[in-house]
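In this chain, residues are counted from 1 in sequence order. In what follows, every heavy atom counts, from backbone to side chain, and hydrogens, waters and symmetry copies are set aside. Indexing begins at 1, ligand by ligand and atom by atom, following the structure's order.
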Amino acid sequence: MTHVSGRHFLQIPGPSPVPDRVLRAMSAQVIDHRSPEFAELGHAALSAIKTIFKTRQDVVIFPSSGTGAWEAALANVLTEGDRVLMYETGHFATLWKKMAEKLGIRAEFIGGDWRSGADADQIEQHLRADTNHEIKAVCVVRNETSTGSVSPIADVRRAMDAAGHPALLMVDTISGLASVDFRFDEWGVDVAVSGSQKGLMLPPGISFNAVSAKALAASKAGGTRRSYWDWQDMIGINATGYFRHAPATNMLYGLVDAIKMIHEEGLQNVFDRHQRHAAATRAAVRAWGLEVLCSRQGHESGVLTTVVMPEGHSADQFRAKALHHYNISLGSGLSKVADKVFRIGHLGDINDLTLIGALSGVEMALGKAGVPHDKGGVAVAMQYLQDTPAPGIDA
Ligand SMILES: *Cc1c(COP(=O)(O)O)cnc(C)c1O
């Protein structure tokens, strides 16, 4: 391998770049996970993550990627033969549904075209039709990382209430947490799933289940047979600051520090920064004469922007050129949209110049790959950023 100078631009929608400060926090020596010192770390991590979910209820931390926490969420409250309603926002919603089916859960899918988030009215109609209240849970992806669309969770909650349906509301906010607004308690979410390597600016390795009192009661009464992933035993011991098994101690150091950084910036400023960068990115894409995959206004993601390739051009060949010439990693199209789209991640530890650098890499790579486009998208994004106050900086 030859050496490539300068830093790599990791512009995929997770894992996102880990701030140096968080890397340093994680490089501490491992400590005895039954020591009094650990209990302080455990308490700090558990109370910090609750501020990000905006909950006073329980959050369980697992040593796994987000997929493990998906399974934990399903297994704790649902069992073979149970019916759930899911919404096809894209690739990740589809994977969650497939997982439910593997667990023997009967998942109904509201079909989508992968160009918007979930439609709350359709969920309401399905729930109204379920007059016997057989549907045990509604599962929605907050930020669909394969498409760059967000689902309006408060609207979904209102739809469920309007239908008078008692199903649990389960939300995948794996890539949305700490990058787009999320309010577990206020929105009446029952189970929220997240992971470390997206908005939380950590490496992959730990995942989360936020759990409402209603979901905890459901888990006590049923769910799938389980042991390692069981919430109750974990919540029991977490009250003392400890974990049941060897915790991912160094990830917890990183988590506490990353959340400190988020609050030093201001959680709302973090959300606003993501929206502003997403708007600048969309402006660049449109100036290039290309199309943003999310077509529903108000559903555009702050986390990433998915760009549709012109007909007859390979998104993967374009991404390979971008990596080779400009040392930038862009996200690939997944399953249904493989090779047809690419994804620009603008989440986590980035600023205006990071974004402009990334967009410059895209614009130059479009040229290198011979993709038809208009020049000047970066200039449009620069103008947007110059004209639009930066939260916490200009205000
Ligand atoms: C990343 C992601 C997942 C999968 O998480 P892993 O950590 O890769 O297991 C699931 N859902 C969404 C929305 C994601 O962004």
Distance filter under 4.0 Å, heavy atoms only, around ligand 1 gives S65, G66, T67, W70, F92, V141, N143, T145, D172, I174, S175, Q197, K198

One should read off an interatomic distance between I153 CD1 and E186 CD, to the nearest 0.5 angstrom, of 13.0 Å

**Prompt:** Backbone N or O of L330 within a donor-acceptor pair of the R319 side chain at under 3.5 Å?
**Reply:** yes

With under 30° as parallel and over 60° as perpendicular, where do the rings of F38 and F243 fit, or are they tilted in between? perpendicular

Here the side-chain hydrogen bond (donor to acceptor under 3.5 Å, both in side chains) pairs for residues 52-64, sequence neighbours left out, are K54-D181, T55-D185, Q57-D185, S64-S207

| Is any NZ, NE, NH1 or NH2 atom of the basic residue among D82 and R106 found under 4.0 Å from an Asp or Glu carboxylate oxygen of the other? | no

Discussion item. A cation-pi test, strictly: NZ or CZ of K50 under 6.0 Å from the centre of the six-membered ring of F208 and no more than 45 degrees from its axis. Yes or no?
Written reply: no

